[in-house]
Amino acid sequence: MAAVRQNTLDFQLSGTADGKYIIKALQPIFEGQEMTETLHSWEDHGYLATYTAKNGSFATVRVYPHGLVLIDLQSSDESDEKKSIHCLLNKIEDKMEEILHNSIKQVKRLPAIVRGASVDRYWPTADGRLVEYDFDEIVYSKESPYQNIKILHSKQFGNILILNGDVNLAESDLAYTHAIMGSGKEDFCGKEVLILGGGDGGILYELVKLKPKMATMHHNNQMVIDGCKEHMRKTCGDVLDNLKGDCYQVLVEDCIPVLKMYAKEGRMFDYVINDLTAIPISTSPEEDSTWEFLRLILDLSMKVLKQDGKYFTQGNCVNLTEALTLYEEQLNMLYCPVEFSKEIVCVPSYMELWVFYTIWKKNSP
């Protein structure tokens, strides 16, 4: 079944809109397409005309009295239909300019939204804006016990890992990996490093180049690792081909019990890199279990972090100021006092600025 295209054409007028006059002027254009009209009107809320064609395509013309005219056309995504709709939109725009002369303040025709396509190109940003990607292929798709996993190919960004509908990392996003490792300011050589999450292998791959004493990565989803090992090679290189190397090991297990065990055993790390999840958008910690999870991870991580060690993690979109502030407040609730700094980085595939945190234990007076 073909996908469906949703086309829009908007007019903002400098004054009020005469809905009856506008619809009457546009009527012959739709009749020329053999579309049947149905008209609705409200005394104080303007006019709505709907037009339906025999092939299932339809259009709506909504005229608001205050001077807003919205035209929507829905049709199949087939080539011939696209040409026909493009021609129809041109005719409508020409007629509107003819009948309204200088009273049109702005005309806005957006690219069509394609709905029901085999490859979904539309994904929300963290702050709720809609982004259209140039995805052209689904290269990996699995439903695991933990999450839905997809890797889609983008012409600009390479392959992109998407978990539960959230864009996680693209092959273009080395800026993310560098930021969550301290942006090149740290010396990892000969150090003990703990990675929480990081199933795409990007952090581990970059870390191994820096010759740590041992990098231990905990990730609970083998399906993510398998997908990235095969389809995210520009990100992870060959580091996920074997789960153990001279200076690293990958443990496929939940990090919470392991962190508790490390804390009990007194095992300590120079660096802890938390790549598990972004800060929740919700600003109600008592209603969102993810906040409780983050606090637990923070507390356990501090217990296994050396006194002079550092903890790195992502925050969220720079626009989510309330959530970021709330996260910073959580840092005052840990079992030990901490200090932090933050950095704002442009991650290419996110199409938004992203906040990263460095956290360390506060030295006693």
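- By the 6.0 Å and 45° rule, Arg62 stacks over the aromatic ring of Tyr64.
- Taking all atoms of both residues into account, the shortest heavy-atom contact from Cys336 to Met302 is SG-CB, 4.0 Å.
- Between atom CG of residue Asn319 and atom CG of residue Asp127 there is a gap of 4.5 Å, rounded to the nearest 0.5 Å.
- Of the N and O atoms on the side chains of Ser57 and Glu81, at least one donor lies less than 3.5 Å from an acceptor on the other residue.
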>> Using the rule given for ring pair (Phe, Tyr, Trp, His ring centres under 6.0 Å), can you reason through Phe356 versus Tyr176, listing the C-alpha separation, both sets of side-chain angles and the distance that settles it, and then say yes or no?
In response: CA-CA 9 Å; Phe356 293 84; Tyr176 176 99; 5.2 Å; yes

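- Residues Cys228 and Leu240 come closest through the heavy atom pair CB-CD1, 4.3 Å.
- Counting heavy atoms of neighbouring residues, nucleotides and ligands inside a 6.0 Å radius, atom NZ of Lys82 exceeds 12 of them.
- Using modelled atom types and a 3.5 Å distance limit, the side chains of Asn164 and Gln147 yield no donor-acceptor pair.
- In this pair, Tyr271 and Phe312 present their aromatic rings parallel. The plane angle is below 30°, not in the 30 to 60° band.
- Nearest heavy atom pair, residue Ala53 against residue Met35, reads CB-CG, 4.0 Å.
- Although no hydrogens or angles enter the test, the distance criterion places no donor-acceptor pair under 3.5 Å between the side chain of Ser84 and the main chain of Asp80.
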>> salt bridge (charged side-chain N to carboxylate O under 4.0 Å, His left out) for Asp241 and Arg233? Distances and angles first, verdict last.
In response: CA-CA 10 Å; Asp241 293 351; Arg233 301 293 285 190; 2.7 Å; yes

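- Using a 3.5 Å distance cut-off with no hydrogens or angles, the side chains of His231 and Asn159 do not pair a donor with an acceptor.
- Within 6.0 Å of the CD atom in Gln249, the count of heavy atoms belonging to other residues, nucleotides or ligands exceeds 12.
- The pair Lys209-Glu206 meets the salt-bridge criterion, with a side-chain N (NZ, NE, NH1 or NH2) lying under 4.0 Å from an Asp/Glu carboxylate O.
- The distance from atom CG of Asp226 to atom CD1 of Ile149, rounded to the nearest 0.5 Å, is 9.0 Å.
- One N or O on the side chain of Ser14 and one on the backbone of Ser103 form a donor-acceptor pair closer than 3.5 Å.
- Side-chain polar atoms of Gln106 and Asp10 form no donor-acceptor pair below 3.5 angstrom.
- Linking ILVMFWY residues whenever their side-chain heavy atoms come closer than 4.5 Å, directly or via other members, leaves Met217 and Leu300 in distinct clusters.
- Electrostatic pairing of Glu352 and Arg129 counts as a salt bridge here, judged by a charged N lying under 4.0 Å from a carboxylate O.
- At most 12 non-hydrogen atoms from other residues, nucleotides or ligands lie less than 6.0 angstrom from CG of Asp246.
- Linking Ile, Leu, Val, Met, Phe, Trp and Tyr residues whenever their side-chain heavy atoms come within less than 4.5 Å places Ile203 and Val252 in a single cluster.
- Side chain to side chain, Gln330 and Trp291 fail the donor-acceptor criterion of an N or O pair below 3.5 Å.
- The minimum heavy-atom distance between Ile297 and Cys255, with the atom names listed, is CD1-SG, 3.8 Å.
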>> Does Asp134 form a side chain to side chain donor-acceptor pair (under 3.5 Å) with Ser154? I'd like the steps, not just the answer.
In response: CA-CA 5 Å; Asp134 58 350; Ser154 158; 2.5 Å; yes

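- In this structure, the separation between CG on Asn168 and CD1 on Ile151 is 10.5 Å, given to the nearest 0.5 Å.
- Aromatic ring pairs are classed by plane angle as parallel below 30°, tilted from 30° to 60° and perpendicular above 60°; the pair Phe157 and Tyr133 is perpendicular.
- Of the N and O atoms on the side chains of Asn221 and Ser144, at least one donor lies less than 3.5 Å from an acceptor on the other residue.
- Under the side chain to side chain contact (heavy atoms under 4.5 Å, CB included) test applied with Leu9, the options Leu88, Val61, Leu89 reduce to a single match, Leu89.
- Glu343 and Ser183 are linked by a side-chain donor-acceptor pair at a separation below 3.5 angstrom, with hydrogens and angles left out of the test.
- Judged purely by distance below 3.5 Å, without hydrogens or angles, the side chains of Asp173 and Ser349 pair a donor atom with an acceptor atom.
- Between the side chains of Asn274 and Tyr311, a donor-acceptor pair is found at a separation under 3.5 Å.
- Leu39 and Ile29 fall within a single hydrophobic cluster, where Ile, Leu, Val, Met, Phe, Trp and Tyr side chains are chained together by heavy-atom contacts under 4.5 Å.
- The line from CH2 of Trp123 to CE of Met351 is 13.0 Å long, rounded to the nearest 0.5 Å.
- Ring pair Tyr262/His218: centre-to-centre distance below 6.0 Å.
- Using modelled atom types and a 3.5 Å distance limit, the side chains of Asn363 and Lys361 yield no donor-acceptor pair.
- In this structure, Asp77 pairs ionically with Arg5, as a charged nitrogen and a carboxylate oxygen lie closer than 4.0 Å.
- Taking every heavy atom of both residues into account, Leu73 and Ile71 meet most closely at CD1-CG2, 3.7 Å.
- Heavy atoms of other residues, nucleotides or ligands lying less than 6.0 angstrom from NE2 of His45 number 12 at most.
- Cluster annotation: Tyr140 is not connected to Ile138 through the hydrophobic network of ILVMFWY side chains, with a link wherever side-chain heavy atoms come within less than 4.5 Å.
- Side-chain N or O atoms of Arg115 include none that pairs as donor or acceptor with a backbone N or O of Val4 at under 3.5 Å.
- Note that CG of Leu26 and CD1 of Ile22 are 7.5 Å apart. Values are rounded to the nearest 0.5 Å.
- Inspection of the Tyr357 and Glu328 side chains reveals an N or O donor paired with an N or O acceptor under 3.5 Å.
- Under a cut-off of 6.0 angstrom, the local environment of NE2 in His40 is crowded, with over 12 non-hydrogen atoms contributed by other residues, nucleotides or ligands.
- Once rounded to the nearest 0.5 Å, the distance linking OH of Tyr51 with CD of Glu31 reads 8.0 Å.
- Using a distance-only test at 3.5 Å, with no hydrogens or angles considered, no donor-acceptor pair links the side chain of Tyr350 to the main chain of Cys317.
- No option in Ile279, Leu320, Val355 other than Ile279 meets the side chain to side chain contact (heavy atoms under 4.5 Å, CB included) test with Tyr327.
- With respect to the salt-bridge test (charged N to carboxylate O, under 4.0 angstrom), the residues Lys306 and Glu192 do not qualify.
- Tested against Pro212, the residues Asp270, Leu204, Leu207 include a single side chain to side chain contact (heavy atoms under 4.5 Å, CB included) partner, Leu207.
- Summarising the geometry of Ile359 relative to Leu305, their closest heavy-atom pair is O-CD2, 4.5 Å, with the distance given to 0.1 Å.
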